[in-house]
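In this text the structure is predicted, and so the values were computed from the model without any measurement. Values below: every heavy atom of this structure, side chains too, minus hydrogens, waters and symmetry copies. We count ligands from 1, going down the list as the structure has it; atoms in each ligand are counted the same way. Residue indices begin at 1 and follow the sequence shown.
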Amino acid sequence: MSDYGSTDIGWTPIMEEAERATRVLHPETMQLPRPDRRRILTVANQKGGVGKTTSTVNLAAGLALQGLKVLVIDLDPQGNASTALGVDHRSGVPSVYEVLLGEISIADAAAPSTQSQNLLCVPATIDLAGSEIELVTMVAREARLKEALNSEALEQLAPDYVFIDCPPSLGLLTVNALVAAHEVLIPIQCEYYALEGLGQLLRNIELVQSHLNPALWVSTILLTMYDGRTKLADQVTSEVRGHFGDLTLRTVIPRSVKISEAPGFGQTVLTYDPGSRGSMSYLDAAREIAERGAERKTA
Ligand code: ATP
Ligand code: MG
């Protein structure tokens, strides 16, 4: 960059694009700043199909491919995050279910992802489906995951980032995720009714803050499935930015067929089609999250 900068041409848009392409095609050459303390993010929105899982796996892979150690906890019985990360989640494999029951540790359940050597995933099996009911009668039912993620247990895996992918409900699994985390990342789909139900989510987060986890805060809003051809997408974008301000990432995730195809191949879009717009946008969003985290520590 400085070589170019010293010529008369200066830093042109083409050079900027070239640098971006290098970053996208060879993300391993780009090292993101490590947070000074481990960041635990819960990805939540009780609305179904807004991009929670897609964002969890692609952001996690984006950070991992750029040099950070990441642990994904799949807390949805559908097991979609496990699928996209190439991790076995057939009934019977060590999973988050046994972790919540206190039978095994998080390290026993964490499996390496095919997507990056820096990436681990605690899978969810169908056994988790009954746990919303089973948890009800357990001691400290809201804090089972927090207990499993105590610093001693996490030290074995030493992730820089932990992402927890929630099911589309505000039940006990999501409450466990909110109690175990420091931060909430809310994906919002650029569609009709995007903001519907958000009030309820925010009220639940406040309840958890005041009773169970005072340190919890909504640190990140991510706009997903943006379709530039529609006016509606821009309306939703400005409404969300108006409401959440700087918590909203500058990077917006476009609607992209590649993003939706990738899980069918047990992949994230970052390995499925590294040069695609969808892949670039998730790499950019991951970078933004890491850089904001680093800014905060010096602030
Ligand atoms: P659930 O509430 O069921 O857990 P979710 O919030 O986790 O859903 P996803 O599973 O990530 O949402 O996404 C819902 C559907 O939209 C999936 O089929 C996914 O492949 C698709 N999808 C997600 N993001 C995009 C995108 N940017 N472009 C195109 N399709 C997308
Ligand atoms: Mg999901």
Any ring-ring contact (aromatic ring centres under 6.0 Å, His included) pairs touching residues 218-264, not counting sequence neighbours? none
Verify, without hydrogens or angle tests, whether [X] (side chain) and [Y] (backbone) share a donor-acceptor contact under 3.5 angstrom.
X: Glu132; Y: Leu172; value: yes
X: Ser55; Y: Lys52; value: no
X: Gln46; Y: Gly197; value: yes
X: Asn150; Y: Glu147; value: yes
X: Asn118; Y: Val70; value: no
X: Ser116; Y: Ala61; value: no
X: Thr42; Y: Ala177; value: yes
X: Asn58; Y: Val269; value: yes

Should the proximity of [X] to ligand 1, defined as any heavy atom under 4.0 Å, be assigned to the side chain, the backbone, both, or neither?
X: Asn45; result: neither
X: Pro254; result: backbone
X: Thr54; result: both

Under-4.0 Å heavy-atom contact between protein and atom 29 (C) of ligand 1: yes
Tell me whether atom 14 (C) of ligand 1 lies less than 4.0 Å from at least one protein heavy-atom position. yes
pair His182-Arg37: side-chain heavy atoms closer than 4.5 Å: yes
With side chains defined as the heavy atoms from C-beta onward, is the minimum distance between Ile289 and Leu185 less than 4.5 Å? yes
Which ligand 1 atoms does [X] reach within 4.0 Å, using its non-hydrogen atoms?
X: Gly48; value: 2 (O)
X: Asp76; value: 4 (O)
X: Ser260; value: 20 (O), 30 (N)
X: Ile253; value: 27 (N)
X: Val50; value: 5 (P), 6 (O), 12 (O)

Would you call [X] a ligand 1 contact, heavy-atom distance under 4.0 Å?
X: Gly51; answer: yes
X: Thr224; answer: no
X: Glu261; answer: no

Does Arg255, backbone or side chain, put an N or O under 3.5 Å from an N or O of ligand 1? no
Polar contacts were defined as any N/O atom of the residue lying under 3.5 Å from an N/O atom of the ligand; does this apply to Ser256 and ligand 1? yes
Under 3.5 Å, is there a donor on one side chain and an acceptor on the other for [X] and [Y]?
X: Ser279; Y: Asp273; answer: no
X: Asp76; Y: Gln78; answer: yes
X: Tyr282; Y: Thr251; answer: no
X: Asp108; Y: Ser105; answer: yes

Can you tell which of Ala44, Pro187, Pro77, Gly49 gets a heavy atom nearest to atom 1 (P) of ligand 1? Gly49
Which option, Val57, Thr53, Val43, owns the non-hydrogen atom nearest atom 7 (O) of ligand 1? Thr53
Check Asp160 with Arg34, please: is the shortest side-chain N to carboxylate O separation under 4.0 Å? yes
How far is [atom] from the closest protein heavy atom, and which atom is that?
atom: atom 5 (P) of ligand 1; result: Lys52 N, 3.5 Å
atom: atom 3 (O) of ligand 1; result: Gln78 NE2, 3.4 Å
atom: atom 16 (O) of ligand 1; result: Met225 CE, 3.9 Å

Under 2.8 Å from the Mg ion (ligand 2) - protein N/O/S, by chain and number: Thr53 OG1
